[in-house]
S.K.: 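Could you have a look at this structure, given as structure tokens, before my questions?
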Amino acid sequence: MTKPADPLPARLRVLDSHTIGEPTRVVVDESLAASLDLGTGSVRARRDVLRARFDHVRRAIVADPRGVEAMVGVILVPPADVACDLGAIYFNRVGYLDMCGHATIGLAVTLGHLGRIGAGAFRVETPAGAVGVEWQGGSAASFQSVSPRRMYRGLAVTCADGVVVTGDVATSGLWFFITRDHGLPVEPGSIPQLRERAWAIRRALEAAGITGDSGETIDHIVLMGPAHDRGHDARNFVLCPDGAFDRSPCGTATSALVGCLHEDGLLAEGVIWRQESILGGLYEASIHRAGDVLVPSVRGQAWITAESTLHFAFDDPYRTGLG
């Protein structure tokens, strides 16, 4: 059989991890990035080339039958920003992400596991901008996301069933609608109802024409609730673009949240905000100023789950995934 004229190889080495339950798959086979003709622009520009010309590579890596629900893939590329040590392109089953907090933590732990970095700080060029990362050794890592911004405060949206929900539209690399008055308990037993409510909110935002400041879809919905554990500050349910819920507390959502809290006078610089996920996993977040720029920091844990070789047989009808 004739080999397809594309850069997807017959085999590809990956490392899988989970960040407090949320899966990441890092392509550690450097031959893939070398074979992709993405140009020499910024990581954002090269991500756009990947989407336009080689989207089947994304599907093959993280979609069925090789991926799992909620998985985010990472392809490493050389950075265009000379202040950065590496570049990262993030993607999931349905598309691409400008930034991903849990995957950045998973990436740091993966690189440490491989011996490609030592404990300490490094910088990653993402499509959202430069991100500071630190691997503390073992399972612990943290990142400093791009500066958070809030576009709407106390925005009311009306869902198709007539329920009115108010919340903030904010970003720290991804766009979020963050609400506390959704009327549901943020408990594992309520996940089906939380997912339904979050989808209704997303559809209401789309129907109302509410987008990010450059027309981005508000594709992450954050439903807040009280923390379970004493000493923690809140618990959340986060709907992701592919319809999965975030098993972690969502690193970029937490970055956007602490920006809103600081702007509202509810979180001082350097104070730790302890954010639980719907399943009870924990991120520790804070915010500080670097000159006039707000910088959110999020610390969490990730663990290696598999070192694998993905196979893409040329006669496999699902060689490039099912999605």
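Below, all heavy atoms of this structure are taken into account, side chains as well, without hydrogens, waters or symmetry copies. In this chain, numbering begins with 1 at the start of the sequence shown.
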S.K.: Do side-chain atoms of His182 reach the backbone of Leu184 as a donor and acceptor pair under 3.5 angstrom?
M.R.: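 It does hold such a pair.
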S.K.: Are Arg13 and Glu307 ion-paired here, with the side-chain N under 4.0 Å from a carboxylate O?
M.R.: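 Salt bridge: yes.
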S.K.: Using a 4.5 Å cut-off on heavy atoms from C-beta on, say whether the side chain of Val146 contacts that of Asp98.
M.R.: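 No - every pair of side-chain heavy atoms lies 4.5 Å or more apart.
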S.K.: Just wondering, are more than 12 heavy atoms of other shown residues or ligands nearer than 6.0 Å to CD in Glu134?
M.R.: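 Enclosed.
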S.K.: Report whether Val62 and Leu50 are members of the same hydrophobic cluster (ILVMFWY, side-chain heavy atoms less than 4.5 Å apart, transitive linking).
M.R.: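 Yes, it is one cluster - the side chains of Val62 and Leu50 are joined through contacts under 4.5 Å.
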S.K.: Would you find a donor on one side and an acceptor on the other, under 3.5 Å apart, between the side chain of Arg25 and the backbone of Asp16?
M.R.: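 Such a contact is absent between Arg25 side chain and Asp16 backbone.
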S.K.: Looking at Ser147 and Leu294, would you say the former's side chain and the latter's main chain have a donor-acceptor pair under 3.5 Å?
M.R.: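 Present.
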S.K.: Any side-chain heavy atom of Pro241 within less than 4.5 Å of one from Leu174?
M.R.: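 They are not in side-chain contact.
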S.K.: Would you name the heavy atoms of Leu97 and Pro127 that are closest together and state the gap between them?
M.R.: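 Minimum heavy-atom separation between Leu97 and Pro127: O-CG, 4.2 Å.
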S.K.: Without swapping roles, check the side chain of Thr179 against the backbone of Asp181 for a donor-acceptor pair under 3.5 Å.
M.R.: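 Confirmed, Thr179 side chain pairs with Asp181 backbone.
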S.K.: Measuring only between side-chain heavy atoms, which start at C-beta, is Phe312 closer than 4.5 Å to Val57?
M.R.: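 Counting from C-beta outward, Phe312 and Val57 never come under 4.5 Å.
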S.K.: Is there a side-chain contact between Ile61 and Phe91, using heavy atoms and a 4.5 Å cut-off?
M.R.: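 Yes; the side chains approach each other to less than 4.5 Å.
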S.K.: Mind listing the closest non-hydrogen atom pair of Ser172 and Ser145 along with its distance?
M.R.: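 Closest approach of Ser172 to Ser145: O-OG, 2.9 Å.
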S.K.: Asp168 side chain to Gly154 main-chain N or O, any donor-acceptor pair under 3.5 Å?
M.R.: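 Between the backbone of Gly154 and the side chain of Asp168 there is a qualifying donor-acceptor contact (under 3.5 Å).
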S.K.: Pair Arg149, Asp213 - check salt bridge (charged side-chain N to carboxylate O under 4.0 Å, His left out), show working.
M.R.: CA-CA 10 Å; Arg149 293 183 292 115; Asp213 50 19; 2.5 Å; yes
S.K.: Walk me through whether Gln136 and Ser142 qualify under side-chain hydrogen bond (donor to acceptor under 3.5 Å, both in side chains).
M.R.: CA-CA 8 Å; Gln136 283 98 24; Ser142 61; 3.1 Å; yes
S.K.: If you count heavy atoms of other groups shown closer than 6.0 angstrom to OH of Tyr318, is the number above 12?
M.R.: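 No, OH of Tyr318 has 12 or fewer neighbouring heavy atoms, counting only those of other groups under 6.0 Å.
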S.K.: Hydrophobic clusters here meaning ILVMFWY residues chained together by side-chain heavy-atom distances under 4.5 Å, can you tell me if Leu279 and Met224 are in one?
M.R.: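 Unlinked, Leu279 and Met224 end up in two clusters.
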S.K.: Is atom CZ of Arg51 surrounded by more than 12 heavy atoms (other residues, nucleotides or ligands) closer than 6.0 Å?
M.R.: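 Buried by this count: over 12 neighbours within 6.0 Å.
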S.K.: Can a donor-acceptor pair be found, under 3.5 Å and without considering hydrogens, that links the side chain of Ser255 to the backbone of Gly251?
M.R.: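 Looks like yes, one N/O pair under 3.5 Å.
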S.K.: For Ser190 and Gln193, indicate whether the former's side chain and the latter's backbone hold a donor-acceptor pair under 3.5 Å.
M.R.: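 Not at all, since once roles are kept as given, no pair shorter than 3.5 Å links the two residues.
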S.K.: For residues 183-231, which residue pairs pass the ring-ring contact (aromatic ring centres under 6.0 Å, His included) check, not counting sequence neighbours?
M.R.: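 Found Phe176-His220.
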S.K.: Taking atom CD as the centre, does Glu30 end up with more than 12 heavy-atom neighbours from other residues, nucleotides or ligands that are less than 6.0 angstrom away?
M.R.: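 No, CD of Glu30 has 12 or fewer neighbouring heavy atoms, counting only those of other groups under 6.0 Å.
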S.K.: Of all residues at least two apart in sequence or in a different chain, which pass the side-chain hydrogen bond (donor to acceptor under 3.5 Å, both in side chains) check with His232?
M.R.: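 Glu276.
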S.K.: Taking His102 for the side chain and Pro23 for the main chain, is one N or O donor matched with an acceptor at less than 3.5 Å?
M.R.: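 Yes, the answer is positive, given that a donor and an acceptor are paired below the 3.5 Å cut-off.
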S.K.: Within 45° of the ring axis of Phe245 and under 6.0 Å from its six-membered ring centre, is that where the NZ or CZ of Arg247 lies?
M.R.: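 Flagged: Arg247 positioned over aromatic ring of Phe245.
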S.K.: Is the side chain of Glu284 donor-acceptor paired with the backbone N or O of Ile272 at a distance under 3.5 Å, no angle test?
M.R.: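 Here the side-chain-to-backbone pair does not exist.
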S.K.: Within 45 degrees of the ring normal and closer than 6.0 Å to the centroid, is that where the cationic atom of Arg58 sits relative to Tyr96?
M.R.: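 Ring-cation test returns yes.
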S.K.: Before giving the answer on salt bridge (charged side-chain N to carboxylate O under 4.0 Å, His left out), spell out for Arg123 and Asp81 the whole-Å C-alpha distance, their side-chain angles and the decisive distance to 0.1 Å.
M.R.: CA-CA 10 Å; Arg123 292 184 68 77; Asp81 185 339; 6.0 Å; no
S.K.: For Gln275 and Trp273: C-alpha separation, side-chain torsions, deciding distance, then whether side-chain hydrogen bond (donor to acceptor under 3.5 Å, both in side chains) applies.
M.R.: CA-CA 6 Å; Gln275 180 65 51; Trp273 178 270; 2.9 Å; yes
S.K.: For Arg11, check salt bridge (charged side-chain N to carboxylate O under 4.0 Å, His left out) against everything at least two apart and list the hits.
M.R.: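 So Arg11 forms no salt bridge (charged side-chain N to carboxylate O under 4.0 Å, His left out) with any residue.
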S.K.: Can you list the steps and then say if Ser248 with Glu22 is a side-chain hydrogen bond (donor to acceptor under 3.5 Å, both in side chains)?
M.R.: CA-CA 6 Å; Ser248 81; Glu22 186 77 349; 5.4 Å; no
S.K.: Are Leu282 and Phe237 linked, directly or through intermediate hydrophobic residues, by side-chain heavy-atom contacts shorter than 4.5 Å (ILVMFWY only)?
M.R.: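 Phe237 does not cluster with Leu282.
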S.K.: I'd like to know if Asp229 and Arg274 make a salt bridge, using a cut-off of under 4.0 Å between side-chain N and carboxylate O.
M.R.: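 Looking at Arg274 together with Asp229, the answer is no, because their closest N to O distance does not fall below 4.0 Å.
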S.K.: Given 3.5 Å as the limit, does a donor-acceptor pair link the side chain of Glu125 with the main chain of Ser42, or not?
M.R.: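 Such a contact is absent between Glu125 side chain and Ser42 backbone.
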